[in-house]
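Data first, discussion second: the structure below is written as structure tokens.
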Amino acid sequence: MTEIASDPLPKAYVPSEAEPAVTRRWNDARVFHVEPPAAGSAARTYSIVIPPPNVTAALHLGHALNNALQDVLIRHHRMKGDLTLWMPGTDHAGIATQTVVEKRLLAEGIKRLDMGREAFVEKTQEWKDDYEQVILSQLEMMGGSCDFERVRFTMDEMCATAVRHAFFVLFRDGLIYRGKRLVNWDPVTRTALSDDEVEMEEVEGHMWYLRYPLSDRSGHVTVATTRPETMLGDTAVAVNPNDPRASDLRGKFVVLPIVGRVIPIVEDDYVVMADPASTEAKAAYASGFLKVTPAHDPNDWEIGRRHELAVINVMGPDGAISDEYGWEDVSDDARRFVGLSREEARAQIVTWFEANGLLENVRDYTHSVGHSYRSHVPIEPWLSDQWYVAVTDDRLRGSALRAQDPTQSPDLPEGVARRRTGDGGTRGDGELRFFPARYARTYYAWHDGIRDWCISRQLWWGHQIPVWTRIVASEDASPEVRVAVTSTDGAMFAVEDSWTAAGLAHLARHVTETEIEQAVCVPPAGTLARSDRADASLDEAGVIAALEADGFVRDPDVLDTWFSSGLWPMSTMGWPYPEDYPETVGLLEAFNPTSVLTTAREIITLWVSRMVMFNRYFLDGRLPFTDVFIHAMIQDGHGQKMSKSLGNGVDPRDIIETHGADAMRFALVQTTTDTQDVRMPVDMICPHTGVSFTPKFITTSAGHVVAAPVQTSPADPSKTMVSAYGVAAGVVSPTEDAPLALNTSAKFDVGRNFANKVFNATRFALRRLSAEGAADKAPAVVTAADLMFVDRWILDRLANAVSTIEAALGRYQFNQVADTLYDFIWHDVCDRYLEAVKPTVDHRPAQQVVLGSVLDAVLRLLHPVCPFVTESLWPAVSAARFGVVEGVELPPSTLLAGAAWPVIDASLIDHDIRSRFERADALASAVRVVRAQRNVAPKQQIELHVESAVATLISQAEGMVETLAGVGLVVTRGADRPAGASALAFEGTEVLISGLADDVDVEAERDRITKVIAAKEKQVSGFEGKLSNDGYVANAPAHLVEETRQMLEAAKADLAAALSALAALG
RNA sequence: GGGCGUUUAGCUCAGUUGGCUAGAGCGCCUCCCUUACAAGGAGGAUGUCGGGGGUUCGAGUCCCUCAACGCCCA
């Protein structure tokens, strides 16, 4: 008898104890840090840049998902031996961060405008520092194997240099311009918003019908509008050319009421024709005439462009009516509206129309209106000066489209040059692939209809635009400038001048007939110093001082956050001047293009597109990444997005605390299918008892299903608690008696149980491996001859698991990775292999070698998904195992994170063993069914009486059937039937089981066999039906027909065996 | 308005080019604290694969259509 060593491990896995120690070991060994390969090295590289989380708040479950997936890929590739870089960092998130900081300050009674720009930016910087720390520590807690020595921030010095340089190059190359354009203006925060920062809301408003008299006094037209106040800026009335009234009105004009402006009637098929009977609200409410206000409506802006209409801006930045922003023909009647807010102006203008008999009708009208996501007031389409990137230029848009894998996106749209194959300048063409493939369409459609990108934001937190401007009278401008702008019409024009030796990019345009605006972009110091036109006496400060002395003023706006994020795969690797940051030298060459971008689909347009355009533009066509994996969005159990206001979010930190990081990661990986949403029903943890339960839900007036603010403890009805929703809605606050209940989800239990299973399987194996002297008796190399049946089988399963996992990772099918691990480890290794070897492993050193190897391989395979439990078990397993199984490569390693991915030789794949195992296992299962039904005690050994073919199978399985089914004796039966035996049908033979219990309950036995007979009869008739179908026999592949025949025969034989067993009961 | 996704057991979901008797986890029922694991083991019940139509020898899978829910974009 081998001596059993005492347990070196506790009885259950305790993540909170294991995880910090594991993290320390990784950090001490710097195992996640990578240096670029030496020049000429043939090392494979693998890299991911993290989608930088906003420094606005701690990471939520969506981040946890995204990061878990990236870490699985990263750890797998690191183990495969690739030089692997996962670049971490955070995003300054201009508008979002400014908003939260402003809100926080306001709560303290401090206003941003009062404290001034510098102080505010400093305050925001503090906020950023705090949250950056939180985010990085969360990444670490989740097990993220980022190179934490390379943490970047989109506003740090290195990234700022990249931003400045990129801006300068685009500016110089004519891809950045300034223009008066309609923007989504938030009059409260006085900020321009991008389209995606505008939230559409249904508003119950009115449709007003206003009469505009024709200038020839022959009548009037009636325009329908939801925004009467903008009529002050009308410059046309439009009618659909197919409208029967159009021809009579052709060439006519109307006199704009109040203002007296004479404006044309134009024909444009954008106009919806009136149709009172229509079910479409637009047509039902239309009058057929549209007032056209190019300065205050994006559609009108387009109509204005088509018909070359005047653009008259009648509002100021606060949304009030103003004559200071381009409105010149202010009549006496109109003057009294100047200065009114847009709301007051609307009311008074309607009153005016009514008083003057020009208000034809008012109808209630519900329509959707864009609102600011920040201030929640309706946005104002407003004409203002903004900076744009000309992404519609073929150098950007075309390049982004040409990047797409042609199999995912076969045709390029009109106007995009065809792929130029074999041209060195078009590296990266056709190499961008999306997973799942359908997102290629989203990407394509976005670029097909893309508009120029407004990059200026009226904020303080961000990269300030590196442009200095001044307005000069034309006659005061230098000759070069005058020449440059003469031929142009409002457009910007590049000026080649020599006013500074540095040769800065210089644009100019007329802002009025007599005034010219000059704009000069100052590049970062590094670019300036490298300029071949550089004057060594002029450094950056000198250049700026010279400009400012000339009356130039820096633009106060900052860049859209996505401008810096768009450079992320380059800026984090030291672009454009790695030599200025020695730790980055070599990174770009080795790791850009990165291997894959993992992100949510909502930012395909905002981020993915821009990274592709920038990376390709600045790096000779090189892609920022070749693969884009779009993961699902996590919703709550009711299909709602998780959000703070609904209180339905699950905090990753809570799950790490209650279940462990591995459990969280495993559950997230397992739910990652290629659908676009996954549901995670949210439960609550009772703070009094620690028991999780499904809360009582209520429906809000907005139709959301949320946890009721007050919940009763499921275990103790006298105790209550409050829900996150209740707190978020301001209905309740936590108290000592009624504390806040944390959210959780039952989904994570699977992961926790699994980690515990692995832990205990290891505990079992370690006891078997640590037997005295075992290592000395084992062969140094275990070969096929040393293997038992179950050993060969488990090695086959191992080989299968390795290849399945690798294939699934290659296709980003994460759920398959998790499911394969779960099935292999739990069902194959634990339920079958470990159980089967129990009687033999203690005295079979060769089997110990197999057991140790399988265990070792299990830890390696599971490590990318569950890094903590595997790493924490690794030292004990490494120390305990000995010997080598031929064909199983598991080179030793101090740390599992740095260990090699298992390589299993194809010779260990054994289909014959697999099929015999499955038959033997089916027999064992059938016997266990009988044992369960007869309530046989686990320890009770039974006897099997089988026919010789089955006896052969059992003996070839070398004890496995006996062990798994609790069989003490197998007898090859003759014609006799042992008294009191139970019977089952197996492979068409009758297997008799004796020794089950003292007596056979004949009635129960009859019931059981009768059920078997019914099931078999159903099978037989099913197969017979199939085979009697001539079409099936004629058309189905022969092997399927043959299979069906065999199954029919087997079912028939089983039926016969069951019938004979029933007969034997009497 | 355009695009996309989802609908399979009570719940959450697998089901790869059509082909074995439609699966898993949780929950439920029975038995078992058998020295790896009760966060466990053995067994069991539960499905007109959203409705309708079509293609096919054969449809959860392909096509058409209807419905519901959801997401993205405009």
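So that the names make sense, note that chain A is the first sequence line, chain B the second, and so on, each numbered from 1.
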Base versus backbone protein contacts along nucleotides 15-20 of chain B [heavy-atom cut-off under 4.0 Å; B, S, -]: ----BB
Applied to residues 920-933 of chain A, the side-chain hydrogen bond (donor to acceptor under 3.5 Å, both in side chains) test, sequence neighbours excluded, yields Arg832(A)-Asp921(A)
For [X], report the nucleic acid contact type (base, sugar-phosphate, nothing); a contact means any heavy atom under 4.0 Å.
X          : result
Ala445(A)  : nothing
Lys641(A)  : sugar-phosphate
Val1033(A) : nothing
Arg752(A)  : base

Scan nucleotides 49-51 of chain B against the protein and return all N/O pairs shorter than 3.5 Å with their distances rounded to 0.1 Å.
none

Minimum-distance nucleotide to Arg601(A) side chain [options: rU6(B), rA36(B), rC72(B)]: rC72(B)
Those residues at least two apart in sequence (or on a different chain) that pass side-chain contact (heavy atoms from CB on, under 4.5 Å) with Asp674(A) are Pro436(A)
Has [X] got a side-chain atom pairing as donor or acceptor with [Y]'s backbone, closer than 3.5 angstrom?
X          : Y          : value
Asp448(A)  : Tyr444(A)  : no
Asn756(A)  : Tyr13(A)   : yes
Tyr1032(A) : Gly1025(A) : no
Asp452(A)  : Thr392(A)  : yes
His371(A)  : Val369(A)  : yes
Arg601(A)  : Gln676(A)  : yes
Asp636(A)  : Asn648(A)  : no

In whole Å, I'd like the distance from the CH2 atom of Trp446(A) to the P atom of rG3(B). 18 Å
Taking only the [atom1] atom of each, what is the distance from [N] to [M] in whole angstrom?
N       : M       : atom1 : result
rA9(B)  : rA22(B) : C1'   : 11 Å
rC64(B) : rG3(B)  : P     : 13 Å
rG1(B)  : rA59(B) : P     : 36 Å
rU61(B) : rC69(B) : P     : 23 Å
rG25(B) : rG43(B) : P     : 11 Å
rC11(B) : rC57(B) : P     : 37 Å
rU56(B) : rA45(B) : P     : 38 Å

Nearest 0.5 Å please: distance from the CE atom of Met1047(A) over to the CG atom of Leu1040(A). 10.0 Å
Interatomic distance, Met960(A) atom CE to Thr840(A) atom OG1 [nearest 0.5 angstrom]: 12.5 Å
Output side-chain donor-acceptor pairs under 3.5 Å for residues 689-697 of chain A, partner residues at least two apart or in another chain, one line each.
| unit_1 | atom_1 | unit_2 | atom_2 | d |
| --- | --- | --- | --- | --- |
| Thr689(A) | OG1 | Val691(A) | N | 3.3 |
| Thr694(A) | OG1 | Asp683(A) | OD1 | 3.2 |

In terms of side-chain geometry, is the basic nitrogen of Glu302(A) or Arg451(A) positioned less than 4.0 Å from the acidic oxygen of its partner? yes
Apply side-chain contact (heavy atoms from CB on, under 4.5 Å) to Ile825(A) and Phe754(A), showing your working. CA-CA 9 Å; Ile825(A) 295 173; Phe754(A) 185 47; 3.8 Å; yes
Under-3.5 Å N/O pairs linking protein and nucleotides 9-11 of chain B:
none

Please tabulate the protein-to-nucleotide N/O contacts below 3.5 Å involving nucleotides 42-48 of chain B, giving atom names and distances.
| unit_1 | atom_1 | unit_2 | atom_2 | d |
| --- | --- | --- | --- | --- |
| rA42(B) | O3' | Arg928(A) | NE | 3.2 |
| rG43(B) | OP1 | Arg928(A) | NE | 3.4 |

Closest-nucleotide mapping onto RNA chain B: is Gln635(A) or Gln670(A) further toward the 5' terminus? I mean the 5' end. Gln670(A)
Both Tyr13(A) and His827(A) contact RNA chain B. Which one's nearest nucleotide lies toward the 5' end? His827(A)
With sequence neighbours excluded, residues passing side-chain hydrogen bond (donor to acceptor under 3.5 Å, both in side chains) with [X]:
X         : result
Glu602(A) : none
Glu657(A) : none
Trp301(A) : none

What I want to check is whether an N or O donor and acceptor connect the side chain of Glu602(A) with the base of rC72(B) at under 3.5 Å. no
Is it the case that rC37(B) (base atoms only) and Lys757(A) (side chain only) share a donor and an acceptor within less than 3.5 Å, ignoring hydrogens and angles? yes
Is the terminal nitrogen or CZ of Lys1052(A) (NZ for Lys, CZ for Arg) located under 6.0 angstrom from the six-membered ring centre of Phe1023(A) and within 45° of that ring's axis? no
Note, RNA chain B 5' to 3' with Watson-Crick or G-U pairs under 3.5 Å encoded as ( ), [ ], | and . gives (((((((..((((.....[...)))).(((((.......))))).....(((((..]....)))))))))))).
Close N/O contacts between protein and nucleotides 31-35 of chain B (under 3.5 Å):
| unit_1 | atom_1 | unit_2 | atom_2 | d |
| --- | --- | --- | --- | --- |
| rU35(B) | O2' | Arg767(A) | NH1 | 3.4 |
| rU35(B) | O2' | Arg767(A) | NH2 | 3.4 |

